[in-house]
Amino acid sequence: MSFRITHIRMAEGYTALPEKITHVRLQDGKVETVEEVVKWIDHPFEYYYFTESDGSKAIVETVHPAGRDPYIRTAKNDSILDNLLSLPKF
């Protein structure tokens, strides 16, 4: 299954680190925590969003740093910043 992310919520006081995304809103309006998204991506579900600039599909992946909570980010591409951070906040 695939789920389209349309919005993100950041931890208070943070704007530029994908590790600080706490929730996502999906295309159907459902809100999920990052913990839920990590669980589903790690059990072969696909999360993605479409870039505003050219409409391309960006795949979301999980990161599991040692000693810290897992988080989500977009798979590597030409952008310096993580593409999820360009989504509207809610």
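Model, not experiment: these values are computed from the prediction. Start at 1 with the first residue, then count along the sequence.
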Quiz item: Sub-3.5 Å donor-acceptor pair from the side chain of Tyr49 to the main-chain atoms of Phe3, do we have one?
Solution: no
Self-check item: Ile59 CD1 to Asn83 CG distance, which is reported to the nearest 0.5 Å
Solution: 11.5 Å
Only distances under 3.5 Å count here; give the side-chain donor-acceptor pairs of residues 4-27 to other protein atoms, sequence neighbours excluded, each with its distance to 0.1 Å.
unit_1 : atom_1 : unit_2 : atom_2 : d
Thr6   : OG1    : Arg25  : O      : 3.2
Arg9   : NE     : Phe90  : O      : 3.4
Thr22  : OG1    : Arg9   : O      : 3.2

Self-check item: Straight-line distance of Thr62 OG1 to Tyr47 OH, nearest 0.5 Å
Solution: 12.0 Å
Quiz item: Between Lys57 and Glu46, is the closest basic N to carboxylate O distance under 4.0 Å?
Solution: yes
Practice problem: Would you check if there is a donor-acceptor pair between the side chains of His64 and Asp69 at a distance under 3.5 Å? | Solution: no
Quiz item: Looking only at heavy atoms, which two atoms of Pro70 and Pro65 are closest? And how far apart?
Solution: CA-CD, 4.2 Å
Quiz prompt | Residues which pass ring pair (Phe, Tyr, Trp, His ring centres under 6.0 Å) with Tyr71, listed by chain and number, not counting sequence neighbours | solution = none
Quiz prompt | Same apolar cluster: Phe45 and Val60, side chain cutoff 4.5 Å | solution = yes
Self-check item: Pair Ile72-Leu84, side chain to side chain contact (heavy atoms under 4.5 Å, CB included): steps then yes or no
Solution: CA-CA 9 Å; Ile72 57 173; Leu84 284 174; 4.0 Å; yes
